Novice: 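What follows is a single structure, and I will ask about it in a moment.
Letters A, B, ... mirror the listed sequences (proteins, then strands); counts begin at 1. All values derive from a computational prediction rather than experimental measurement. Excluded from the calculations below are hydrogen atoms, water molecules and symmetry mates; all remaining heavy atoms, backbone and side chain alike, are included.
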Amino acid sequence: MPELLEVETARQALADLALGRIIAAVEAPDAWYLKRGLTAPVLRAALPGRRFVSARRRGKLLLLDTTPAAGDQPGVPDGPTLALHLGMTGRIIVDGHPAGNALLYASDRAHAAWDRFTVRFVDGGFVGLRDPRRLGAVELDPDEDRLGVDAASLTAGDLHASLPRRRGPIKAVLMDQSHIAGLGNLLADEILWRSAIDPARPASSLTAEERRRLARSVRTTLRVLGRRGGSHTGDLMPERQRDGRCPLDGAALRRDTIGGRTSYWCPRHQR
DNA sequence: GATGACCTGTGA
DNA sequence: TCACAGGTCATC
């Protein structure tokens, strides 16, 4: 479950290790993995000869900008932008080393068949996307604005502007990538638990004070769990099971489907 | 806005 | 053996 924090770890690895190296070849053996009309021949025409010049992230989407053409000096992004999505079980591999910790719900083994996409460099190294479950994706020049504000820079003002107009459960709104980008199921549950807000509450029913509390909780949760090592290090995580109990007050946690996802929450202090 | 499909490894 | 994990998209 790579959420914002895991994708950010991958972004840092790419920024540290993948920039400035000349691309030699692209391997895209799984056509289904290429989205929005992209094909392997298009990639092979677009990338070799260029270098990655910056590694960005918007929500859960990784973005690698490239230099204009072969021979041009690195530093000026003017070529196509390669977008990588990790889906549920994707991991970035740089020169054979996986970026970040092993994922929950995903095998930590390496199968050649799981290498869905690889960019090889002239120097012999490579950047790869390994994904057992095939729920990730590769795009070229994606529409970045289909994603909302990145959760890492969310402000109370953003929530004041949007939540009063939204009817759906607050948890579904937090996970709507076109509204706020980067939060997945685990982070959303942890944030709402820390905010003491019932995940099924209509977003429009939150008071201004609750919106402020929620925005603060998004920042705090990302910072704390980021330091601990990822989305799976939340206080609520060990109790995400049947018969789980609230780490705050000991109440029996509820397990409900909210926003289409399994949600754990405390009916005593989340209101 | 809610639901099911996609995909496949894992563990009960 | 089979429910379940869940990010995203198509469809209702």
Novice: Expressed in angstrom and rounded to an integer, what is the separation of A:Arg240 atom CZ from B:dT10 atom C1'?
Specialist: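 Those two atoms, CZ and C1', are 17 Å apart.
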Novice: Estimate the overall bend of the helix from B:dG1-C:dC12 to B:dA12-C:dT1 from the end axes over five pairs each, rounded to 10 degrees.
Specialist: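 The value is 50°.
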Novice: Under a plain distance cut-off of 3.5 Å, with no hydrogens placed, do A:Arg240 and A:Tyr264 share a side-chain donor-acceptor pair?
Specialist: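 Side chains of A:Tyr264 and A:Arg240: no pair found under 3.5 Å.
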Novice: With respect to the side chain of A:Met88, which nucleotide from C:dG7, C:dG6, B:dG1 is positioned closest?
Specialist: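 Side chain of A:Met88 sits closest to C:dG6.
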Novice: A:Ser204: what forms a side chain to side chain donor-acceptor pair (under 3.5 Å) with it, not counting sequence neighbours?
Specialist: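 Side chain to side chain donor-acceptor pair (under 3.5 Å) list for A:Ser204, sorted by chain: empty.
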Novice: Going by salt bridge (charged side-chain N to carboxylate O under 4.0 Å, His left out), name the residues that satisfy it together with A:Asp150, two or more places apart in sequence or in a different chain.
Specialist: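 Residues passing salt bridge (charged side-chain N to carboxylate O under 4.0 Å, His left out) with A:Asp150: A:Arg57.
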Novice: Could you give the NE2-to-P distance, from A:His179 to C:dT8, as a whole number of Å?
Specialist: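 Going from NE2 in A:His179 over to P in C:dT8 covers 16 Å.
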Novice: Tell me every residue that passes salt bridge (charged side-chain N to carboxylate O under 4.0 Å, His left out) with A:Arg21, counting only those two or more places apart in sequence or in another chain.
Specialist: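 With sequence neighbours excluded, A:Arg21 shows a salt bridge (charged side-chain N to carboxylate O under 4.0 Å, His left out) to A:Asp95, A:Asp123, given in chain and number order.
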Novice: List every contact pair, protein side and nucleotides 6-8 of chain B side both N or O, where the distance is under 3.5 Å.
Specialist:
| residue | atom | partner | partner atom | Å |
| --- | --- | --- | --- | --- |
| B:dT8 | OP1 | A:Arg134 | NH1 | 3.4 |
| B:dT8 | O2 | A:Arg133 | NE | 2.6 |

Novice: Is a donor on one side and an acceptor on the other found under 3.5 Å between the side chain of A:Gln270 and the backbone of A:Ile197?
Specialist: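 Judged by distance alone, yes, a pair lies under 3.5 Å.
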Novice: So A:Arg165, base contact, sugar-phosphate only, or nothing? Heavy-atom distance under 4.0 Å.
Specialist: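 Contact class for A:Arg165: none.
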Novice: Let me know the distance between CG of A:Leu62 and C1' of C:dG7, rounded to the nearest Å.
Specialist: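 Taking CG of A:Leu62 and C1' of C:dG7, I get 14 Å after rounding.
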Novice: Identify, with sequence neighbours excluded, every residue that meets salt bridge (charged side-chain N to carboxylate O under 4.0 Å, His left out) alongside A:Glu239.
Specialist: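 Checked A:Glu239 against salt bridge (charged side-chain N to carboxylate O under 4.0 Å, His left out); zero matches.
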Novice: Please list, chain by chain and in numerical order, all residues satisfying side chain to side chain donor-acceptor pair (under 3.5 Å) with A:Thr155, sequence neighbours excluded.
Specialist: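 Once residues adjacent in sequence are excluded, the partners of A:Thr155 under the side chain to side chain donor-acceptor pair (under 3.5 Å) criterion are A:Asp158.
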Novice: Residues in salt bridge (charged side-chain N to carboxylate O under 4.0 Å, His left out) with A:Arg11, at least two apart?
Specialist: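 Per chain and number, A:Arg11 pairs via salt bridge (charged side-chain N to carboxylate O under 4.0 Å, His left out) with A:Glu8.
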Novice: Expressed in angstrom and rounded to an integer, what is the separation of A:Leu174 atom CG from B:dG1 atom P?
Specialist: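 Interatomic distance, CG of A:Leu174 to P of B:dG1: 14 Å.
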Novice: Quick one: side chain to side chain donor-acceptor pair (under 3.5 Å) partners of A:Thr257, sequence neighbours excluded?
Specialist: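 A:Thr257: no side chain to side chain donor-acceptor pair (under 3.5 Å) contacts found.
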Novice: Can you tell me how far P of B:dA2 sits from CD1 of A:Ile258, to the nearest Å?
Specialist: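 Atom CD1 in A:Ile258 sits about 10 Å away from atom P in B:dA2.
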Novice: Figure out the CG/C1' separation between A:Asp176 and C:dC9, and round it to whole Å.
Specialist: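 From A:Asp176 CG to C:dC9 C1': 13 Å.
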Novice: What integer distance in Å separates A:Arg146:CZ from C:dA10:P?
Specialist: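 It works out to 11 Å between those atoms.
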Novice: Could you tell me the separation between the NZ atom of A:Lys60 and the P atom of C:dC9, rounded to a whole number of Å?
Specialist: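 The answer, rounded to whole Å, is 11 Å.
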Novice: Side chain of A:Thr262 only, please: which of B:dA2, C:dG6, C:dT8 is the nearest?
Specialist: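 Of the options given, the side chain of A:Thr262 lies nearest C:dG6.
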